[in-house]
Amino acid sequence: MLIVGGGCAGMSAALRLQQLLKPQLGSGRAEITVVEPQPYLTYHPLLAEVAAGSIDPRHVVVPLRRVLPDCRVLTARITRIEHAARRAWIDTAPRGERGTPTEIAYDLLVVAPGSVSRTAPVPGLAEHGLGFATVGAAVGLRNHVLEQLDLASSTRDPALRQAALTFVFVGAGYAGVGALAELEDMARYAVKGYHNLAPEDLRWVLVEATDRILPEESLDLAAHTLAELRDRSVDVRLGTTLESAVDRVMSLSDGSRFAARTLVWTAGVRPAPLLRDTDLPLDAAGRVRCLPTLQIIGPDGEPLSDAWAAGDCAAVPAAPAPSTSSVSSASSVSSATVPPVDVELCAPNALHALAQARLLAENLVAVLAGRPQRPYRPERQDCSTSLGIGRGVAHTKRGHLTGRRAWWLHRARHLQRLPSLDRRVRILTGWFLGGLFSREVVSLGSVEHPRSEFEAGFPER
């Protein structure tokens with residue numbers, strides 16, 4: 001079995017397959033190969049707390065080889081997949097270098113490479129924008145924000161000071177709202193250590209193209225979150241887009257222009273680009289079309305009996321038709337009901353990825369055993385986010401929570417969902433110690449350029 005991707009969907013599917021097929025893996029009758037460019041899983045829902053310094057960056061990553069001892073983990077990039085020939089090509093060269101792809105064969109395919117940030121052709125965005133999809137990006141953003149406070153406190157230029165204290169976030173989903181709120185809370189605490197800065201000097205701007213924030217949530221919970229952000233003096237611009245960021249001057253579609261040295265882009269995701277280098281059919285958004293059983297739909301419109309997909313890269317129906325519940329094993333896979341092209345699809349998030357991955361593994365094993373498969377029937381997701389220390393919003397089956405209770409529930413949920421007992425204990429310990437001592441607000445920007453001091457020791461040429 002070849003699993004493409006080691007994120008939430010890929011690692012969780014491999015972990016479940018490792019449990020279900022332990023006898024076969026031990027005897028050599030089965031082999032699972034996981035190909036992922038990074039040797040770890042990043043648990044994205046906790047990145048905002050990493051950026052705020054509430055969680056050690058190492059504790060939101062799960063080493064793949066440690067949790068998948070019965071799988072073969074390859075730290076490499078998939079360059080091409082020809083499923084018709086059951087062949088894939090991988091490149092093991094370090095990032096930024098190109099090597100000679102190696103061909104590997106497989107019998108069963110699981111596609112779960114996840115997604116990447118969805119950018120836009122905004123002038124200046126590539127030069128000055130910051131992403132928020134990796135641990136490195138979260139740590140870098142924290143260092144950057146603290147460095148702006150240092151700059152504003154030290155400079156005598158009023159324009160530079162104002163630009164350094166202006167922070168712009170584009171995209172008001174859970175990622176954008178959580179990141180802004182956590183960093184605003186951290187910066188508000190950090191300015192207490194500066195003799196010439198006050199919380200009122202900070203300007204936070206949230207830009208959202210639609211007419212609401214948190215589109216995944218109910219209107220009342222989104223309205224409460226919006227009110228809290230505005231109570232904290234966050235300038236929320238709804239129905240507004242970023243038109244230009246040239247020379248760090250933000251031009252918005254509402255006509256406003258202002259300088260800002262921090263621009264964070266969290267405006268959605270798109271499927272991993274490597275899907276374009278496969279012979280698997282993709283939908284208009286670039287995702288792999290799937291049945292509710294998570295089997296991939298082939299080029300002829302018939303389901304493939306040996307290929308599955310899950311996570312952000314998979315176009316999985318959000319409300320499967322009742323007839324799909326009778327889908328059985330590979331021998332009758334062609335009788336499965338193919339969903340219409342315009343069917344509502346599951347949103348690309350970690351909660352769907354984790355649930356789909358577990359079902360995918362169970363359905364794959366069911367096909368091998370000749371048993372019926374089950375369709376993915378997504379339940380109402382209990383989403384939540386932290387808005388800073390002691391503040392949060394959370395959706396529950398009975399309604400929603402806000403404030404400290406929502407914050408505790410948010411932490412408890414993600415602590416439970418994190419697929420590593422070791423990481424859960426480490427994060428819980430960090431939270432406990434964080435409650436006993438004051439926050440750490442020191443910038444370690446030098447770690448992003450580890451050779452700078454060494455290079456400075458060489459004489460100029």
Side-chain angles (χ1 to χ4, degrees), residues 44 47-48 51-52 115-133 137-138 140-142 144-145 148 152 159 162-188 199-217 219 221-270 347-349 383 385-388 393:
H44 290 90
L47 283 184
S115 59
V116 297
S117 296
R118 184 183 66 219
T119 56
V122 176
L125 176 61
E127 294 79 10
H128 306 298
L130 300 171
F132 194 72
L141 179 57
R142 167 185 168 80
H144 173 82
V145 169
Q148 300 313 301
Q162 184 176 11
L165 296 178
T166 302
F167 308 92
V168 180
F169 286 70
V170 179
Y174 266 113
V177 170
L180 182 148
E182 283 283 356
L183 285 165
E184 188 273 342
D185 187 62
M186 180 201 71
R188 182 180 292 271
E200 296 74 25
D201 297 330
L202 305 176
R203 182 185 183 188
W204 299 84
V205 182
L206 179 60
V207 180
E208 170 56 41
T210 65
D211 60 355
R212 57 168 294 187
I213 67 172
L214 300 182
E216 309 95 328
E217 268 306 338
L219 289 174
L221 188 60
H224 172 87
T225 307
L226 177 62
E228 173 160 338
L229 291 177
R230 285 177 168 164
D231 285 344
R232 291 160 63 172
S233 300
V234 176
D235 183 2
V236 182
R237 308 286 185 96
L238 300 178
T240 306
T241 58
L242 177 68
E243 301 292 323
S244 173
V246 175
D247 297 329
R248 292 195 172 96
V249 176
M250 306 298 129
S251 298
L252 306 184
S253 60
D254 60 5
S256 58
R257 285 171 56 88
F258 54 88
R261 290 183 55 84
T262 303
L263 171 60
V264 184
W265 186 269
T266 62
V269 296
R270 61 185 176 90
N349 60 46
C383 299
T385 190
S386 173
L387 300 178
V393 292

Non-hydrogen atoms of Ala52 and Glu182 that approach each other most closely: CB-OE1, 3.4 Å
Minimal non-hydrogen separation, Ala181 against Leu229, with atom names: CB-CD2, 4.4 Å
No-hydrogen, no-angle side-chain donor-acceptor test under 3.5 Å, Arg237 and Ser256: yes
Side-chain heavy atoms of Ser115 within contact of Pro348, under 4.5 Å: no
Any donor-acceptor pair under 3.5 Å from Thr266 side chain to Val170 backbone: yes
Minimum heavy-atom distance between Leu242 and Met250, given as atom pair plus value: CD1-SD, 4.1 Å
Between CG on residue Leu263 and OG1 on residue Thr166, distance to nearest 0.5 Å: 12.0 Å
Separation of Glu184 CD from Ser233 OG (nearest 0.5 Å): 8.0 Å
Heavy-atom side-chain proximity of Phe132 to Leu47 below 4.5 angstrom: yes
Distance (rounded to the nearest 0.5 Å) between Leu226 CG and Leu221 CG: 11.5 Å
Verdict with reasoning, Leu387 to Val177, per side chain to side chain contact (heavy atoms under 4.5 Å, CB included): CA-CA 8 Å; Leu387 300 178; Val177 170; 3.9 Å; yes
Student check: side-chain heavy atoms of Leu141 and Val264 closer than 4.5 Å: yes
CG on Leu165 to CD on Gln148, rounded to 0.5 Å: 8.5 Å
Nearest heavy atoms of Val168 and Ala260, plus distance in Å: CG2-CB, 3.8 Å
Pairing residues for Tyr174 by the ring pair (Phe, Tyr, Trp, His ring centres under 6.0 Å) criterion, not counting sequence neighbours: none
Residue pair Val145 / Ala187: nearest heavy atoms and the distance that separates them: CG1-CB, 4.4 Å
Thr262 side chain near Arg248 side chain, heavy-atom distance below 4.5 Å: no
Closest non-hydrogen atom pair between Phe169 and Gly176, with its separation: CD2-O, 4.2 Å
Test log, rule side chain to side chain contact (heavy atoms under 4.5 Å, CB included), inputs Leu238 and Thr210: CA-CA 6 Å; Leu238 300 178; Thr210 65; 6.0 Å; no
Flag if over 12 foreign heavy atoms under 6.0 Å of CG, Asp231: yes
Point-to-point distance, once rounded to the nearest 0.5 Å, from CZ of Arg212 to CG of Leu219: 4.5 Å
Pair Val393-His224, side chain to side chain contact (heavy atoms under 4.5 Å, CB included): steps then yes or no: CA-CA 9 Å; Val393 292; His224 172 87; 3.9 Å; yes
Pairwise side-chain contact, Asp185 with Arg232, heavy-atom cut-off 4.5 Å (strictly under): yes
Flag if over 12 foreign heavy atoms under 6.0 Å of CD, Glu243: yes
Between CG on residue Leu130 and CH2 on residue Trp265, distance to nearest 0.5 Å: 12.5 Å
Non-hydrogen side-chain atoms of His128 and Arg261 separated by less than 4.5 Å: no
Pairwise side-chain contact, Thr225 with Ile213, heavy-atom cut-off 4.5 Å (strictly under): yes
Side-chain heavy atoms of Leu180 within contact of Phe167, under 4.5 Å: no
